[in-house]
There are 2 protein chains.
Amino acid sequence: MKKSIAQRAQQERQTIVEGVHDQKRERILDVARELFFRQGFAGTTMADIVEQLGVTKPYVYYYFPSKNDLFETLCWQASHACLTAMHFDKDDPRTAVEKLHEGLHRFAAANIVHFKAGTFFYRESGVLRAPLQRKLRTLARRFYDELCELLEQGRQDGELDFDNTKLTALAIGSIAGFMYTWYRPDGRIGPEDMVGQLQNILLKIAGAKVPAAKRKGAGTKN
Amino acid sequence: MKKSIAQRAQQERQTIVEGVHDQKRERILDVARELFFRQGFAGTTMADIVEQLGVTKPYVYYYFPSKNDLFETLCWQASHACLTAMHFDKDDPRTAVEKLHEGLHRFAAANIVHFKAGTFFYRESGVLRAPLQRKLRTLARRFYDELCELLEQGRQDGELDFDNTKLTALAIGSIAGFMYTWYRPDGRIGPEDMVGQLQNILLKIAGAKVPAAKRKGAGTKN
DNA sequence: CCTACCGATCGGTAGG
DNA sequence: CCTACCGATCGGTAGG
């Protein structure tokens with residue numbers, strides 16, 4: 001059944017309204033992310049957020065039921081992106097090291113993109129309510145399980161060299177997790193470059209053989 | 001001039017009083033450290049602390065002028081211990097790599113001992129007032145400067161292998177700095193063991209040649 | 001060193 | 001009568 005012109009126009013208006021709604025929601029999230037990042041959850045008041053936005057509190061409360069939900073939304077978005085980086089299809093035909101290469105690249109990239117909200121989970125897990133905390137802990141456990149599995153398989157293949165598996169995985173996670181203290185997008189090393197450099201350091205912790213082509217000055221040294 | 005018996009006794013009483021004073025102060029710091037670690041600065045109320053201590057608020061305020069001072073005392077103790085680990089005398093005769101070995105061991109050990117308050121500086125720098133923030137930033141800068149110098153000298157000596165110096169130093173700092181999220185003293189790996197394992201990972205990031213004697217299964221491999 | 005409080009500021013919501 | 005808001009103020013609680 002064909003839609004009438006009136007119906008189409010109505011639907012279009014609806015889409016625009018939804019777009020505006022989402023835009024306003026996103027702007028709130030942007031401001032909140034920045035403030036929570038700089039001042040922490042408890043150190044940021046709703047008054048701070050609405051002041052920065054140039055709106056009133058009910059404006060924000062129309063889009064989010066509470067300060068806590070605002071924080072949890074940001075936390076989930078970022079942590080989900082970072083912690084699913086090491087996930088691969090069961091029937092992915094590649095070797096463990098090939099998958100590790102791609103996984104660590106995705107992990108580094110996700111942490112660069114989400115470096116502000118990416119560590120809310122670690123820094124302020126006390127703020128998160130039990131359900132989200134459980135979901136995130138499950139996600140984190142799976143991330144480390146998958147990473148550990150790739151590490152051990154790669155070592156069996158003779159492609160990796162490290163001592164304690166769990167500790168190696170934690171060291172890899174630590175570098176990404178602590179990045180928020182020093183990485184800035186407008187710093188000396190740009191985001192794209194940083195992803196590659198981080199990936200290399202993470203691979204080094206796993207004791208991966210660095211491809212000759214990727215070595216600095218390879219072939220021209222002495 | 002000899003002290004009278006009365007003077008000696010007075011001095012002794014004074015010493016005991018000071019000892020008790022310090023003990024009470026330490027107990028407050030212990031409880032506060034634990035709570036700040038678990039709940040963050042703003043998430044911890046003075047009521048939480050006094051309840052845990054079984055005292056009243058004025059009791060704590062007799063020993064510390066403010067909640068902020070309590071936090072800053074803990075922060076300074078821990079960060080100072082961790083960030084001076086890479087300091088050596090100007091006329092220390094050892095090679096850069098020898099110093100790096102010891103420095104990273106000290107750094108790992110300090111971070112293990114102070115793992116609770118060691119990251120207050122990074123996690124909640126917004127809480128610290130300007131003077132302490134400056135002192136700590138200076139300390140951190142010197143730590144990284146000294147670390148970078150050792151790294152570059154070691155590389156020149158042909159003993160180390162890494163790409164970007166600053167990023168390598170930051171990666172080393174990151175592992176220690178993020179440790180608080182996963183290290184627990186009663187975990188599978190004990191404190192002494194953990195220091196050695198951490199040190200090895202940090203040396204690996206710097207691209208140090210691992211002494212054959214330290215390699216797992218060295219000499220018996222194949 | 002406690003009981004009893006204070007000025008201020010918090011997250012969240014009322015009516016229109 | 002709906003939505004998307006505003007000015008004003010709520011009940012509770014923070015540090016001191």
Side-chain angles (χ1 to χ4, degrees), chain A residues 6-7 9-29 31-36 38-75 120 124 126-129 132, chain B residues 13-14 16-29 31-33 35-36 38-75 120 124 126-129 132:
Chain A
Q7 278 175 328
Q10 165 61 20
Q11 194 185 18
E12 204 158 282
R13 272 196 300 275
Q14 191 58 36
T15 306
I16 289 168
V17 168
E18 278 172 10
V20 170
H21 179 93
D22 287 351
Q23 271 171 31
K24 291 185 176 180
R25 220 182 110 93
E26 283 307 314
R27 215 170 83 78
I28 293 171
L29 286 172
V31 167
R33 185 187 299 110
E34 181 65 31
L35 289 173
F36 286 146
R38 280 183 359 218
Q39 309 170 1
F41 176 79
T44 302
T45 68
M46 290 303 281
D48 291 337
I49 294 172
V50 300
E51 192 199 13
Q52 184 75 27
L53 282 163
V55 301
T56 59
K57 280 195 243 185
Y59 179 104
V60 173
Y61 279 100
Y62 173 78
Y63 293 94
F64 296 93
S66 72
K67 185 188 173 189
N68 223 295
D69 282 87
L70 205 43
F71 188 76
E72 292 191 349
T73 301
L74 292 166
C75 193
F120 287 172
E124 316 217 48
V127 170
L128 308 175
R129 287 163 296 194
L132 183 63
Chain B
R13 272 197 299 276
Q14 191 57 37
I16 289 167
V17 168
E18 279 172 9
V20 170
H21 184 279
D22 288 350
Q23 272 171 31
K24 291 183 177 178
R25 222 183 109 93
E26 282 308 314
R27 215 170 83 76
I28 293 171
L29 287 172
V31 167
R33 185 187 299 109
L35 290 173
F36 286 146
R38 278 176 9 211
Q39 309 170 0
F41 177 79
T44 301
T45 68
M46 289 303 280
D48 290 338
I49 295 172
V50 300
E51 192 197 14
Q52 184 75 26
L53 282 163
V55 301
T56 60
K57 282 194 242 180
Y59 178 104
V60 173
Y61 279 100
Y62 173 76
Y63 294 93
F64 296 93
S66 72
K67 184 188 175 191
N68 223 294
D69 282 87
L70 204 45
F71 188 77
E72 292 191 350
T73 301
L74 293 165
C75 193
F120 287 172
E124 316 215 48
V127 171
L128 308 175
R129 287 163 295 195
L132 183 64

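Labels below follow one simple rule: chain letters A, B, ... track the order of the sequence lines, proteins then strands, and each chain is numbered from 1. Only a predicted model underlies this, so the values are computations on that prediction, with no experimental measurement involved.
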Output a table of donor-acceptor pairs, distance under 3.5 Å, between side-chain atoms of residues 57-68 of chain A and any protein atom two or more places apart or on a different chain; print 'none' if there are none.
residue : atom : partner : partner atom : Å
A:S66   : OG   : A:N68   : N            : 3.4
A:S66   : OG   : A:D69   : N            : 3.1
A:S66   : OG   : A:D69   : OD1          : 2.7
A:K67   : NZ   : A:F41   : O            : 3.1
A:K67   : NZ   : A:T44   : O            : 2.8

> Nearest-Å distance, OH (A:Y61) to C1' (D:dC10)?
Replying inline: 13 Å
>> In this structure, which stretches of DNA chain D are paired as stems of three or more consecutive Watson-Crick or G-U pairs, both distances less than 3.5 Å?
In response: none
>> Can you tell me how far apart CZ (A:R25) and CD1 (A:I28) are? Round to the nearest 0.5 Å.
In response: 8.0 Å
> Taking DNA chain D as the partner, which of residues 42-57 of chain A come within under 4.0 angstrom of it by heavy atom?
Replying inline: A:T56
>> Test of understanding: with salt bridge (charged side-chain N to carboxylate O under 4.0 Å, His left out), list the residues that count as partners of A:E34, not counting sequence neighbours.
In response: A:R38, A:K116
> How would you list, by chain and number, every residue that makes a salt bridge (charged side-chain N to carboxylate O under 4.0 Å, His left out) with B:E72, sequence neighbours excluded?
Replying inline: B:R129
>> Classify B:F64 by what it touches in the nucleic acid, base, sugar-phosphate, or nothing, heavy-atom distance under 4.0 Å.
In response: nothing
>> Which residues pass the side-chain hydrogen bond (donor to acceptor under 3.5 Å, both in side chains) test with A:T56, not counting sequence neighbours?
In response: none
> Can a side chain N or O of B:Y63 be found less than 4.0 Å away from OP1 or OP2 on C:dC1?
Replying inline: yes
> With respect to the side chain of A:Y59, which nucleotide from D:dC6, D:dA4, D:dG15 is positioned closest?
Replying inline: D:dC6
> To the nearest 0.5 Å, how far apart are CG in A:L53 and CZ in A:R27?
Replying inline: 5.0 Å
>> Nearest to the A:K24 side chain among D:dG16, C:dG12, D:dA4, which nucleotide is it?
In response: D:dA4
>> With rounding to the closest Å, how many angstrom separate the P atoms on D:dA8 and C:dG12?
In response: 22 Å
>> Which nucleotide wins on minimum distance to the side chain of A:P58, given the candidates D:dA8, C:dT3, D:dG15?
In response: D:dA8
> Would you say D:dC5 has OP1 or OP2 under 4.0 Å from some side-chain N or O of A:Y62?
Replying inline: no
>> Just the rounded figure in Å: distance from C1' of C:dC10 to CG of A:N68.
In response: 14 Å
>> Distance check, rounded to the nearest 0.5 Å: B:I49 atom CD1 versus B:R33 atom CZ?
In response: 12.0 Å
> What distance separates B:E124 CD from B:F36 CZ, expressed to the nearest 0.5 Å?
Replying inline: 8.5 Å
>> Rounded at 0.5 Å granularity, tell me how far SG in A:C75 sits from CG in A:L132.
In response: 6.0 Å
